Amino acid sequence: MRGIRVSLWVVLAATLSGVAAARQAAAPASGFKADLIGSIDDAAKKLVDLAQATPAEKFGWRPAAGVRSVSEVYLHVAAGNYLIPSFIGVKRPDGMDRTMETKITDKAKVVETLQKSIAHLKSAIEITPDADLDKKVKFFGTEMTERALLIHVANHMHEHLGQSIAYARVNGITPPWSATEGAPPAKSSSN
């Protein structure tokens, strides 16, 4: 029995190693897709770090009635990461649509959903053949190339990163990447 368990662990380890190697091989090393993924990685790290630095009790905060809350902004980004690639034929997981913005409110689940959406988006970029980047697609009535659509999703992430930074600052939260270790958050001058 012990031998079977050891064999299963060896098979599992080899399988996971193969999956990791295949994923690594699929990631572009240079060119448009590598640059785009670099831009997405930058926004993604900051979005996730900021979400993790925000206290759970602030996730329901919104600047005014009818405006997205902190958690709704993160989930709006996640929804975009699932929805936008669907216009080039990448299937989104069941239940991952615009309505999730108001359905998920738990901080841990919001962060997890955001992280999974980022992985989904990066995978969508990696599997898009370079030859398809010039193909035309319709995006809410606007014709654009698949390349332009993928640039749009990166812009969408950066746009809402800015919104999230503003929300954090209003709530006294310093973005982790801008705080100097050991230094208090910068105070605004009253000039």
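Everything quoted here is computed from the prediction, not taken from an experiment.
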Under 3.5 Å, which donor-acceptor pairs do the side chains of residues 42-51 form with other protein atoms, sequence neighbours left out?
| unit_1 | atom_1 | unit_2 | atom_2 | d |
| --- | --- | --- | --- | --- |
| Asp42 | OD1 | Lys46 | NZ | 3.4 |
| Lys45 | NZ | Asp49 | OD2 | 2.7 |

Distance-only criterion, 3.5 Å: show the donor-acceptor pairs between side-chain atoms of residues 140-147 and protein atoms not counting sequence neighbours.
| unit_1 | atom_1 | unit_2 | atom_2 | d |
| --- | --- | --- | --- | --- |
| Thr145 | OG1 | Arg147 | N | 3.4 |
| Thr145 | OG1 | Ala148 | N | 3.0 |
| Arg147 | NH1 | Asp134 | OD1 | 2.6 |

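- Panel note: side chain Arg68, backbone Val73; no donor-acceptor pair is recorded below 3.5 Å.
- Distance CD1/Ile104 to OG1/Thr113: 3.5 Å, rounded to 0.5 Å.
- Listed by chain and number, the residues in a side chain to side chain donor-acceptor pair (under 3.5 Å) with Gln115 amount to none (sequence neighbours excluded).
- For Asp106, the salt bridge (charged side-chain N to carboxylate O under 4.0 Å, His left out) criterion is met by no residue, not counting sequence neighbours.
- Taking the side chain to side chain contact (heavy atoms under 4.5 Å, CB included) definition, one finds that Thr102 meets it with Glu72, sequence neighbours left out.
- There is no side-chain donor-acceptor pair under 3.5 Å between His156 and Glu159.
- For the salt bridge (charged side-chain N to carboxylate O under 4.0 Å, His left out) test, residues two or more places apart in sequence or in another chain that qualify with Lys91 are Asp94.
- Classification of Lys122 and Glu126 as a salt-bridged pair fails, no side-chain N sitting under 4.0 Å from a carboxylate O.
- Ser117 meets the side chain to side chain donor-acceptor pair (under 3.5 Å) test with Asn81; sequence neighbours excluded.
- Looking at heavy atoms from C-beta onward, Pro55 lies out of side-chain contact with Lys107 at the 4.5 angstrom threshold.
- Identified under the ring-ring contact (aromatic ring centres under 6.0 Å, His included) test for residues 100-138, with sequence neighbours left out: Tyr82-His120.
- Residues passing the side chain to side chain contact (heavy atoms under 4.5 Å, CB included) test with Ala53, sequence neighbours excluded: Pro176.
- The aromatic rings of Tyr74 and Phe59 lie tilted to each other, with the angle between the two planes from 30° to 60°.
- His158 meets the side chain to side chain donor-acceptor pair (under 3.5 Å) test with Ser39; sequence neighbours excluded.
- Partners of Asp35 according to the side chain to side chain contact (heavy atoms under 4.5 Å, CB included) rule, which considers only residues two or more places apart in sequence or in another chain, do not exist here.
- Pro129 pairs by the side chain to side chain contact (heavy atoms under 4.5 Å, CB included) definition with Asp132, not counting sequence neighbours.
- Taking the side chain as every heavy atom from C-beta outward, Leu150 and Leu133 approach each other to under 4.5 Å.
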